[in-house]
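Computation of the quantities below employed the complete heavy-atom set of this structure, encompassing side-chain atoms and omitting hydrogens, waters and symmetry-equivalent molecules. Residue numbering restarts at 1 for every chain, and letters A, B, ... go by the order of the sequence lines.
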Protein chains: 2
Amino acid sequence: MARLGDCIAMMDEGIGRVSQVIPDMPAAEARLTRLLLMVGHTFDEAVEQALRPNKINHSDFLTLMILYSRPDGSSTPGELCEYTSQGATNMTRIANALVKRGLITRGASEEDRRRVVIRITPSGRRFVQKLLPPLFPRVSAAFAGFSDADKRHFSRLLRKLADNLDHLDESPSPVKKQP
Amino acid sequence: MARLGDCIAMMDEGIGRVSQVIPDMPAAEARLTRLLLMVGHTFDEAVEQALRPNKINHSDFLTLMILYSRPDGSSTPGELCEYTSQGATNMTRIANALVKRGLITRGASEEDRRRVVIRITPSGRRFVQKLLPPLFPRVSAAFAGFSDADKRHFSRLLRKLADNLDHLDESPSPVKKQP
DNA sequence: CTAATTTAATTCACTGGTGAAATATGAGTT
DNA sequence: AACTCATATTTCACCAGTGAATTAAATTAG
C-alpha cells in the first residue's frame, strides 16, 4: 500500500491542476477536506488493525466503550445509535454480536416495553480493561511531535468544524431573524 | 440523528470517566483521536450526501476525480488502488460501474499486457465539470470562520499526523542503526 | 530456453452497513 | 374505549468493501 504522504502529494498536485481548469473552485478548502478525509480514513484503518487481534471491529468496540464509560453501564439501542452514528439496523447486528460473546446483556425495559435495555457485563468490563492498555502506545505515537499548543489548536479547529457541519443544512443564507 | 456537538460532549464526558478508572490512559490523545474520527466520519457522510443526487458514491467519484486531474486522463487499476486506498477487488467493481456509465474506458496496455489502462472519456469530463460547482458552497461553508492562519495550522497538523501514521509500524523504538 | 517467482487484475465468498417495510408498544384525540 | 399517530426495534433485501484463490503475463534463475 502506498504511504499516506505520497497520496497527499499526489492529491496536492491534482487539485492544483484541477483548480487551473476550474478557477472558482475553493482550492484551499478542497485540499483541507481531502486531507481530513484521507487522514481520518487512515486513522480508522489503524484502529481497525489494532483491534483485529481481539476479534472485534471498530463499531462493536465503540458501542462497548460507550457502555463501559456510562456510570450505570447501560443504554438502549436507540441512544447508542445516536452516539455511534450507526443506523438502528446495524445496532441490532452489533448487539447480537456482543450478546453472543457475553460482553453485554439485552433485556426489556420496565417503563417502556418498546425499549430494550443493553448493559455491559462484568466479562465485558474485563474485556475492555484488557484491550485498552495495548492501544495506548499507538495513540500516543500518532500525536508524536504535537506540542500542548498543537493539541489545543487541533482540538479547537476540529470542534469548530463539527459546529459548522452541524449547521451546514440549516439556513444557507443565515440572515438574522427580524425581531 | 443527534447533532455532532452532542456526540462530542458525550465523548468528552465518557473519556473523562474512563480515564479516572484507567489513569495511565493518554486521555488528551484519545480525545483528539475520537474527535478526528467523528469529524472525519461526518465529513464523509456529508460528501456522500452531496453526491447522492448525481447517483455516484464517494469512491467512484474519487476515482473519477483522480483520472480527471491527470494530465493525460489515464491510469491503471493498481495505481488507482494506491491513491484511493481501495483494494484491487473494489477497484474492479468501481471500474465496472464507471465503464457501464460511459465515464471511463478500459483497455489493454501495450507495453505490459497484464495491465489495464483506464481513461476518462469526454462524457466523464463533462460529468465532473457539471458535478463540481454545486459542491463548492458546502466545501467553503464547512470551513466558515477559519482564518488563513487557522487553515495553515490545520493543514500542518494533519500533514504531521499523516507522517506519524506512515511511521507507526516501523521502528517502535527508533534506535539508530549501528554502523 | 524452460522453470520458478513475481506482479496485475479478476472472481468468489463473506463481513459490514443502509433504506424500506414489518411489528409492537406508547401517547394523544375524540 | 376506539382510532389515529409517533416511537423503538427488528427483519429483509440490497450496496460497498475485503481476503483468499484464480488467471495470465512478465521477470528472474538455472
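- Taking the six-membered ring for Trp and thresholds of 30 and 60 degrees, B:F143 and B:F43 have ring planes inclined between 30 and 60 degrees apart.
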Self-check item: Reading 5' to 3' through nucleotides 3-14 of chain C, protein heavy-atom contacts under 4.0 Å coded B for base, S for sugar-phosphate only, - for none
Solution: ----BSSBBB--

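- Within residues 36-57 of chain A, no residue has a heavy atom under 4.0 Å from DNA chain D.
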Contacts table for residues 13-21 of chain A: side-chain donor-acceptor under 3.5 angstrom, sequence neighbours left out:
from, atom 1, to, atom 2, distance (Å)
A:R17, NE, B:S69, O, 2.6
A:R17, NH2, B:S69, O, 3.4
A:S19, OG, A:I15, O, 3.2
A:S19, OG, A:G16, O, 3.0

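- Rounded to whole Å, atom C1' of C:dG19 lies 13 Å from atom CG of A:N90.
- For A:R156, the salt bridge (charged side-chain N to carboxylate O under 4.0 Å, His left out) criterion is met by B:D150, not counting sequence neighbours.
- When each of A:Q86 and A:E111 is assigned the nucleotide of DNA chain C with its nearest heavy atom, A:Q86 is the one assigned upstream, toward the 5' end.
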Show me the side-chain donor-acceptor pairs of residues 30-39 of chain A shorter than 3.5 Å, one per line, residues at least two apart or across chains.
from, atom 1, to, atom 2, distance (Å)
A:R31, NE, A:D12, OD1, 2.9
A:R31, NH2, A:D12, O, 3.0
A:T33, OG1, A:E29, O, 2.8

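- For B:D60, the salt bridge (charged side-chain N to carboxylate O under 4.0 Å, His left out) test picks out B:R93, with sequence neighbours left out.
- Not counting sequence neighbours, the partners of A:T42 by the side chain to side chain contact (heavy atoms under 4.5 Å, CB included) test are A:L4, B:L165.
- Here the range on DNA chain D touched by chain B, meaning any atom under 4.0 Å from one of its heavy atoms, is D:dA16 to D:dA26.
- With sequence neighbours excluded, no residue forms a salt bridge (charged side-chain N to carboxylate O under 4.0 Å, His left out) with B:E82.
- Rounded to an integer number of Å, the gap from CZ of A:R93 to C1' of C:dG17 is 7 Å.
- Evaluation of the salt bridge (charged side-chain N to carboxylate O under 4.0 Å, His left out) rule for A:E45 yields no partner, not counting sequence neighbours.
- Residue pairs meeting the salt bridge (Lys or Arg N to Asp or Glu O under 4.0 Å) criterion with at least one member in residues 107-123 of chain B, sequence neighbours excluded, are B:D112-B:R114, B:D112-B:R115.
- B:H41 meets the ring-ring contact (aromatic ring centres under 6.0 Å, His included) test with no other residue; sequence neighbours excluded.
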